[in-house]
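Below, chains carry the letters A, B, ... as their sequence lines are ordered, and counting in each starts from 1. Heavy atoms only: backbone and side chains are in, while hydrogens, waters and symmetry mates are out.
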There are 2 protein chains.
Amino acid sequence: MIMDERKKRILQAIIDDYIDTAEPIGSRTIARKHELGLSSATIRNEMADLEEMGYLAQPHTSAGRVPSDKGYRLYVDKLMPAHDLKIEDIEKLRSEMEFRINELSQLLRQASAVLSRFTQYTSMAVSPQLRASTIKAIQVVPIETGKALVIVVNNADIVRNGLVKISEYIKPQALITISNILNNRLSGLALHQVNLHIIKELERETGVPGEILMPILDGAADCIEQIDNQELYVEGTSNILNYPEFKDVAKARELMSMIDEKSTICKALADNARKDGLTIKIGTENDLTWIKDCSLITVNYNIADKLSGTIGIIGPTRMEYPKVISSLRYISKIVSDEINRLTGQDPGTG
Amino acid sequence: MIMDERKKRILQAIIDDYIDTAEPIGSRTIARKHELGLSSATIRNEMADLEEMGYLAQPHTSAGRVPSDKGYRLYVDKLMPAHDLKIEDIEKLRSEMEFRINELSQLLRQASAVLSRFTQYTSMAVSPQLRASTIKAIQVVPIETGKALVIVVNNADIVRNGLVKISEYIKPQALITISNILNNRLSGLALHQVNLHIIKELERETGVPGEILMPILDGAADCIEQIDNQELYVEGTSNILNYPEFKDVAKARELMSMIDEKSTICKALADNARKDGLTIKIGTENDLTWIKDCSLITVNYNIADKLSGTIGIIGPTRMEYPKVISSLRYISKIVSDEINRLTGQDPGTG
DNA sequence: TGTTAGCACTCAGAGTTAGCGAGTGCTAAC
DNA sequence: GTTAGCACTCGCTAACTCTGAGTGCTAACA
């Protein structure tokens, strides 16, 4: 059987309607609402064909048709109407993102919150990961007697710090010397290259005994660990309860408890994270069975080829794809611009 | 009518059972399960009395009794069995909190997650607020040409930093001078005292023109703002769907969407935050109507009289109060100990 | 040959009814 | 004061019916 233009128009009409109503769509509805110039009987025949071809399914004999994953796939690839955000939506999104945010974690949390509020789906954001992370600078700053602050900056200008206790007898001047040696010795190294071997060398070079050096190096190691640490922000989980497909509490609970597990979400995103740009996984296209009734749309953004992160939206397969895609694109653009601003990669727009 | 010992024992038995089963409790159940040496008829009479006194309520004539908020209040204040965490629970909680966490935000998130997993309720944690926050140290560290890191440490040793762009012509040495002046001039001040007036003074003292000083001061201001910023962590919202009292999706959605709004939760916690130690608000004792079917248990912890924060659990009024209270106490102890460790207030336990 | 009107058929969901059983309050006896 | 007995209440469940949206098929039509 051949997928002609008419079939496509009918399929599109069905999916558009179904996304709206979440009710199985009958031939009469299509004949009435869409001006295809066809009677319900003709549409009925076409719908039977579309079902045979696997684009539609029937919950039970006497019900209308429902799109299958394959149907959604065609819709997303070929049929879906172009969607540009309305000017007022752009304004709204921009203004909600406008808070002056100076911390990566808050920026992502914010982005996720804005997205979920706007789309009414569940949104998540993963803190950017370094492709090849190296240490740009290490500094040790005396704070008060017995306390110093260790600061690590990596090549993407992500900064972490930690307070460390040090011997009360170290003079501030000595600390600065240690700081300089550390900085010279470690900067440029990949994070994982800081090993015991190097520590031994440092001990020798600085002439500072290990037990004094150790807390500082421990502090630095913690900072490095934190930089590598992948943080996940999920917002708008309660939206799930709005979809009729999850009116059954048991089903909603299953999905929500999976989403509550950060590690599960990370697994779901991991697969998409490798690709560039926008990825759409519809229902069973997802490897994980618990998302088999949902679609997962993610955008990966790269920053100066060093950082890469993911922002995504999860919702029922019956999802407003056009709207979700355009808003996701828009927000991810804002986020990467902001990260650029934060880390000073881009001297541009300010 | 007088509240004698027997009535109390019966009330306790009813509440204990109801917490377990979430089903209205009948007189026969109590007579059978609890060895009170009374027939169901006697218990029936007592239950009628307890209802008249307002401790119990009847969903409908032919159903058993259900505790009222007043009933829970008495239970919590007087009747509730003492509850100590089992050794294996303590071990479990401790080990789940044992991850070496070196960032406040992650520590709180973790605490919240552990609590919600253990109690099966929804848990939240608010980042500690300063009672009277002052600046302990400000440092400006050169990172590379045109970039510097501004670091602010407050009197509770909470550290924030931000990258700032600076003129490419400032020499590192000059930056250190600026850093020292800033530090001398600003440390000891309350965060809100850093105003335009002081900035003008700084300009004069350092001899550095405003347009060079400004980005640095802006960065410092951002850091200060971040320190003051109250962060909220909520975990285990999906647990709500496990309670039979929220088997109705509409009801669950109402609660969950409220919980999803960070600001709403903060409002709910605000009232408790002023008190010391543990606060229990049962049902309508809460000012906010959307929690009227829930209980909110919070613990405020203080750290060296400077920091104060809140950890809390929200669940149906039919809550396992003894368990929740003891685990909340335990976790909050761990959290404040950890914060002590992080900020080095307490040279103790390591 | 493709399109359409007509018709018999299907079946989920809403509404109705009946029966069950857990639980009550009251009364009278212990 | 306690308890056994009993009539009564009423939410819940299961069985049943009815309705209507939707289908597939057939035959007539352009």
Side-chain angles (χ1 to χ4, degrees), chain A residues 1-11 13-15 17-18 20-53 55-68 244-245 247-249 251, chain B residues 1-11 13-15 17-18 20-53 55-68 71 244-245 247-249:
Chain A
M1 207 168 311
I2 191 172
M3 187 69 178
D4 57 18
E5 223 23 65
R6 197 172 72 176
K7 281 198 175 56
K8 282 186 192 165
R9 279 199 359 242
I10 292 174
L11 181 60
I14 292 170
I15 298 186
D17 271 24
Y18 186 69
D20 242 36
T21 63
E23 298 288 328
I25 307 293
S27 51
R28 240 176 69 88
T29 316
I30 297 298
R32 256 188 294 116
K33 286 218 291 191
H34 300 259
E35 310 207 330
L36 300 171
L38 297 168
S39 76
S40 68
T42 310
I43 291 172
R44 209 141 58 228
N45 289 331
E46 294 288 42
M47 281 167 83
D49 289 354
L50 284 167
E51 181 173 359
E52 203 182 321
M53 294 162 83
Y55 294 106
L56 294 177
Q58 222 174 355
H60 54 265
T61 351
S62 72
R65 300 304 204 295
V66 158
S68 67
E245 30 274 270
K247 70 173 188 298
D248 176 29
V249 178
K251 228 177 152 191
Chain B
M1 208 169 310
I2 192 171
M3 187 68 180
D4 58 16
E5 222 24 66
R6 196 172 73 178
K7 281 198 174 59
K8 283 186 191 164
R9 282 207 347 250
I10 291 175
L11 182 60
I14 292 172
I15 298 186
D17 271 25
Y18 186 69
D20 241 36
T21 63
E23 299 288 329
I25 307 294
S27 52
R28 240 178 68 89
T29 316
I30 297 298
R32 255 188 293 116
K33 287 218 292 192
H34 301 260
E35 310 206 329
L36 300 171
L38 297 169
S39 75
S40 68
T42 310
I43 292 172
R44 207 140 60 228
N45 290 330
E46 295 287 41
M47 281 166 84
D49 288 353
L50 284 167
E51 181 174 359
E52 202 183 323
M53 294 162 82
Y55 295 106
L56 294 177
Q58 221 174 354
H60 54 267
T61 352
S62 72
R65 299 306 205 294
V66 157
S68 66
E245 30 271 271
K247 71 173 188 298
D248 175 29
V249 178

Quick check for you: name the first and last nucleotides of DNA chain C, 5' to 3', having an atom under 4.0 Å from a heavy atom of chain A. C:dT3 to C:dA12
For residues 42-51 of chain A, pull every pair meeting salt bridge (Lys or Arg N to Asp or Glu O under 4.0 Å), keeping only residues two or more places apart or in separate chains. A:R6-A:E46, A:K7-A:E46, A:K7-A:D49, A:E51-A:R65
Run the salt bridge (Lys or Arg N to Asp or Glu O under 4.0 Å) test against A:E245 and tell me which residues pass, sequence neighbours left out. A:R318
What's the shortest heavy-atom distance between A:Y18 and A:P24, and which atoms? CE1-N, 3.9 Å
Quick one: salt bridge (Lys or Arg N to Asp or Glu O under 4.0 Å) partners of B:K33, sequence neighbours excluded? B:D17
Sole candidate of A:I15, A:L11, A:I14 that passes side-chain contact (heavy atoms from CB on, under 4.5 Å) when paired with A:Y55: A:L11
Side chain to side chain donor-acceptor pair (under 3.5 Å) involving B:S68 - partner list, sequence neighbours excluded: none
Please convert DNA chain C into dot-bracket. A pair counts if it is Watson-Crick or G-U wobble with both distances under 3.5 Å; crossing pairs go in [ ] and bases paired with another strand get |. ||||||||||||||||||||||||||||||
Has B:R28 got a side-chain N or O lying under 4.0 Å from the OP1 or OP2 atom of D:dT3? no
Taken to the nearest whole Å, CZ/A:R65 to P/D:dG22 is 12 Å
For DNA chain D, find the residues of residues 38-47 of chain A with a heavy-atom distance under 4.0 Å and give them by number; none if there aren't any. A:R44, A:M47
A:T21: side chain to side chain donor-acceptor pair (under 3.5 Å) partners, not counting sequence neighbours: none
With sequence neighbours excluded, residues passing salt bridge (Lys or Arg N to Asp or Glu O under 4.0 Å) with A:K8: none
According to side-chain contact (heavy atoms from CB on, under 4.5 Å), who are the partners of B:S62, at least two apart in sequence or on a separate chain? B:H60
Apply the test side-chain contact (heavy atoms from CB on, under 4.5 Å) to residues A:I43 and A:R28: give CA-CA distance (whole Å), side-chain angles for both, the deciding distance (0.1 Å), then the verdict. CA-CA 8 Å; A:I43 291 172; A:R28 240 176 69 88; over 6 Å; no
If a protein heavy atom is under 4.0 Å from the base, mark B; if only from the sugar-phosphate, S; if neither, -; do that for nucleotides 10-19 of chain D going 5' to 3'. BS--------
Under the side chain to side chain donor-acceptor pair (under 3.5 Å) rule, collect the residues that match up with B:T42, sequence neighbours excluded. B:S39
Could you please spell out the steps behind the side-chain contact (heavy atoms from CB on, under 4.5 Å) verdict for A:L50 and A:M3? CA-CA 8 Å; A:L50 284 167; A:M3 187 69 178; 3.8 Å; yes
Rounded to the nearest 0.5 Å, what's the gap from CG on B:L38 to CD1 on B:I30? Could you check? 11.0 Å
